A.B. asks: 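Before I ask anything, here is the structure I am working with.
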There are 2 protein chains.
Amino acid sequence: MPDFPSSGSRIVGILGGMGPRATVDFYDKLVEHTPATRDQEHLRVVIWADPTVPSRQEALLADGTDPTPWLEEGLHQLTGAGAEIVVVPCNTVHAYIAPLMKHRPVEFLSIIDVTVAAIQRQQAQRVGILATDGALAAGVFQQALRRAGIAWILPSPDDQRGLMNLVESVKAGRVDGSHLGQLAGILRHLRRDGATLTITGCTEISALASSLPTEVGAELIDPSLELALATIHRARLPSEAEIPPEKTETR
Amino acid sequence: MPDFPSSGSRIVGILGGMGPRATVDFYDKLVEHTPATRDQEHLRVVIWADPTVPSRQEALLADGTDPTPWLEEGLHQLTGAGAEIVVVPCNTVHAYIAPLMKHRPVEFLSIIDVTVAAIQRQQAQRVGILATDGALAAGVFQQALRRAGIAWILPSPDDQRGLMNLVESVKAGRVDGSHLGQLAGILRHLRRDGATLTITGCTEISALASSLPTEVGAELIDPSLELALATIHRARLPSEAEIPPEKTETR
């Protein structure tokens, strides 16, 4: 392996493809927010993007194929390529990820945990959750919010159905102004019901929300962006294993 | 390895990071142009993005560090992860790539070759070349155009200096309307000098040019887009090794 004198950063592994547009959006944010004035200051990244992972919705809601073997294969590829930090820019699949990360010699940053940490920093008392039916059924956000003592509200059943249609439209690449208007309407309802902040807890919705007007965007917390920022922060820190022995001994 | 019943496509390996924004832009185009209505119809992609590869400009023009070991490491990672088709969304580095691809058991699509093929399809007689000083010095586009019998013109020395400043601005993430205006001016000069089509032969310039007005865009040939389209086409075809024996015997 060549020597990399210009980068002390750790290699970031992105388990992506769920869906592919969400991976593009996350990688874009990762590059955009890395403080760098030339190529060589950017992070080394390896991406395994397998969009053929079976639908997480069907697995969680309709007894569809368990995506676990596909996820294991991806993690195997990423660690084999030297990834030192692993992230997964898909909220829903976090219903499956945590047990798979145990006993792997890499740091794992959960999109759910970094999002809840960001909400705590903003001291929001009640947040709205925009997430897929599958993620809601698995409770990925609700469990983490409960542990943090933060109240949440969900869209009405009608709005939730509309949201799932929006997700499908983004996945199919069919998005226009009417979809943005629909998303703005769902957010208005959550605000009316007391949410001071809303999680765009599905990477397709994060991608769509980036086209909303700034004043609406200010009320959103984007897990994809929070994960990008946390990834940049962690990748530029040395791992604990790299802390010189004299420092670890004095702790 | 799990079975992937929903995708007959071959795994695409992207040797990226040169620079990282150009890789984001290429991956975006790859996803955007893949005919798919759901995740599972998209291509499986593995990306090795190492922005710490030494500057290709300095290597080609100022006797800087040879990037070859970094490229070999990346190719090793991509083939190790199962890539069946390898692409490199950076024009300049193609001065180094061809010899490295020999004897590797993967299909290699050259961004230079697919661009020249697209120019031939459009039957352009004289094309402008927007490329880095390093790519021009190495002659990556000129050699391929000469073989295809296509004439070319280059920007004036002043415009070429301006172009290199634009590349640095994109790499540094500092881009505004004035940069777009400058690019439009360079293109106007090439058109005045007889170019009916101009190659945006640097992935940073491709990314910038995507914000130009449509009428200007129509005169451009974007190697990054051509590579994305060719990659999608090839990845969805079976490899020669997968053609049933009876078919190969009758050729």
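Computed from a predicted model, the values in this text were never measured in an experiment. Protein chains get the first letters and strands the later ones, always in sequence-line order, with residue 1 at the start of each.
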A.B. asks: Less than 4.5 Å to any heavy atom of chain A: does that hold for the side chain of B/Thr23, its backbone, both, or neither?
C.D. replies: both
A.B. asks: Has B/Asp63 got more than 12 heavy atoms of other residues, nucleotides or ligands less than 6.0 Å from its CG?
C.D. replies: no
A.B. asks: Is B/Arg21 salt-bridged to A/Asp39, cutoff N-O under 4.0 Å?
C.D. replies: no
A.B. asks: B/Glu72 versus chain A, heavy atoms under 4.5 Å apart: side chain, backbone, both or neither?
C.D. replies: neither
A.B. asks: Is it the backbone or the side chain of B/Ala81 that comes under 4.5 Å from a heavy atom of chain A, or both, or neither?
C.D. replies: both
A.B. asks: I need the residue from B/Pro20, B/Gly19, B/Ala172, B/Gly16 with the largest number of non-hydrogen atom pairs under 4.5 Å to chain A.
C.D. replies: B/Pro20
A.B. asks: If you count heavy-atom pairs within less than 4.5 Å of chain B, which of A/Thr34, A/Val46, A/Ile14, A/Asp25 leads?
C.D. replies: A/Val46
A.B. asks: Side chain of B/Glu226, backbone of B/Val114: donor and acceptor closer than 3.5 Å?
C.D. replies: no
A.B. asks: Quick check on side chain to side chain donor-acceptor pair (under 3.5 Å): which of A/Asn91, A/Thr92, A/Thr203 does A/Thr132 satisfy it with?
C.D. replies: A/Thr92
A.B. asks: Is the shortest side-chain N to carboxylate O distance from A/Glu168 to A/Arg174 below 4.0 Å?
C.D. replies: no
